[in-house]
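I have placed the structure first, in the form of structure tokens, so that the comments after it can refer back to it.
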Amino acid sequence: MGLSSIGTATEGMQLCIFDLRRGQHEGQELDKILYFFPPDLPFSTQLSVVGLSEGLITFTRIFSPEAACEVIEAERHSHVFYEAEPDIWMVMIVEKSKEPEAIWRIDALREVLKEIHSLFIMFHGSIRALLDKEPGGGLTRAHLYPFIMDYLRDFLVGKKLLLPSFCDCLKERRTVQMLTVGREAAIEVQTLVRLLESSAGNAQCSSLILFQDLLVSTTLSPEDTVNLFTYAVLRLTPLALSSGARSWSYLRKGNTSSHVTAGSTLAPSGSVSEQFYGSQDTSPAGDNRYCVVRPLQHDKWSKGKDGFLITDIWGVDAGRSDVTTPIVWLQHTEERMYLCAYQYKSLTLILLIPLSSILNGEQGVSTVKQQLLENASLKILKVEEKLSKGWGGENAYHVSGYRYLVVDGNRDISRASPPAKVTTLTKESFLALNRLREEVDAEKSRSKWDNPGRDKDLEVSIRAKNNAWAIARIIGGKELYMVLEKANETLLYASDAVEKFSNRYCSGAFSLD
């Protein structure tokens, strides 16, 4: 089967997860497939896709044992590979379109796969652990299918899946966006953090504080911070709870979104839900043998009278008629934690309490919540008031004349021009910046294998058809991407503008002097 024959004319995207350790004997090939989208494709088609992917991985490992296949570009499709866990692969196959708008950056698509896997681990643990628990694979599939389907619904607009396109090249998935606070407010926040984490007595708690969709404080590792921040922005913050509200976060689409309609066209008949999940779903997602939690379901969180956020996703405590407290798994400490979320106006507080420290379950969690209210209520009001007064609004981080993205890869932090400002860029500017980022991605990938553990400094500039400059500077693990549509006629002028931006807004981190 040739590369261009994968997929059908009506499906612009396929996504599969498979285990190379399974299904190695004739007649057992289906055992290796743990997830497939669209779920109602014939098994023969699913096996063809997985079989080709497995063949490409095996072939490329001959030449590069430590770094197997990452991407295959065919005439009609792009095949994006990600080894989520040893021998467990995620592959996204995207149909290319003749429309010039249907342009993706491969690394951006791979980041989607990484985000799916990271969030899945936070709620369900590793895929391999689930397979070890129930070797038949039914338990794993029963968790993967609804989880990924709920995740993909965030990309669903009408009847199309809108994947990250070239219009999203001033966004960086799997990073957090921080709120800049003054010294006085920072002191108040630190005091609040101590009050929060002392609510559970001697237990080693952790916390996350958000204002609007921006991170204020965290006591978690960078990886766990990214995962919880992502979930909070998707489902917990005030904007997430207000269905349809506009957000500046890349995680949720707003009214100013610049996505192009180049996604996966779904079947025209039936309800939207039926079209998305498949009217003849062959997946085990509805298998009643397993108790499956679906943390990414929409419209399942609400604010209780006491300010704590509640959901019945994790079930209901039959003895007390109360909802069960959510549980997450931290990758850094490999510890299971109760998740308690409290909200006051624009402030969202997340307290994580080790399961091992709560001896009497839900009753113990309730006691911690009550203690939190008694200890921290006044401080919460004060912090929210200070942050609100210092908040510059949705366009707080706009810099006139610049459209930019700054990424600190060492801390998984990013800052970018507000989406409403980014949408003023022309198509030519977007395409030039997307091409620029692809060149940087390729250079970073080569550098990773040529000089492991060392960050390579890099500067790339591209002149767009509309005479705009797209510029990238990579210095010491920090990245700056910028579009200057009014940069006159010379590269010298554009370079000088970047220097001014670096010195004024980035403490000289990207200056060449």
Can you see whether Tyr481 has Arg437 sitting over its ring - NZ or CZ less than 6.0 Å from the centre and within 45° of the normal?
yes

Partner set under side chain to side chain contact (heavy atoms under 4.5 Å, CB included) for Asp457, not counting sequence neighbours:
Ile475

When the ring planes of Phe155 and Tyr151 are compared, do they come out parallel, tilted or perpendicular, using 30° and 60° as the limits?
tilted

Determine whether a donor-acceptor pair (N or O, by modelled atom type, separation under 3.5 Å) exists between the side chain of Arg473 and the backbone of Val460.
no

For Arg435, check side chain to side chain donor-acceptor pair (under 3.5 Å) against everything at least two apart and list the hits.
none

Electrostatic pair Arg21-Asp87, nearest N-O below 4.0 angstrom
yes

Tell me, please, which residues at least two apart from Glu83 pass salt bridge (Lys or Arg N to Asp or Glu O under 4.0 Å).
Arg61

By side chain to side chain donor-acceptor pair (under 3.5 Å), Thr348 pairs with (sequence neighbours left out) Gln343

What pairs with Phe81 under ring-ring contact (aromatic ring centres under 6.0 Å, His included), at least two apart in sequence or on another chain?
none

Donor-acceptor check, side chain of Glu85 to backbone of Ile127, threshold 3.5 angstrom: yes or no?
yes

Please name all residues satisfying salt bridge (Lys or Arg N to Asp or Glu O under 4.0 Å) with Asp19, sequence neighbours left out, ordered by chain then number.
Arg128

Are the side chain of Ser417 and the backbone of Tyr404 linked by a donor-acceptor contact shorter than 3.5 Å?
yes

Check: Thr325/Glu362 side-chain N/O donor and acceptor closer than 3.5 Å:
yes

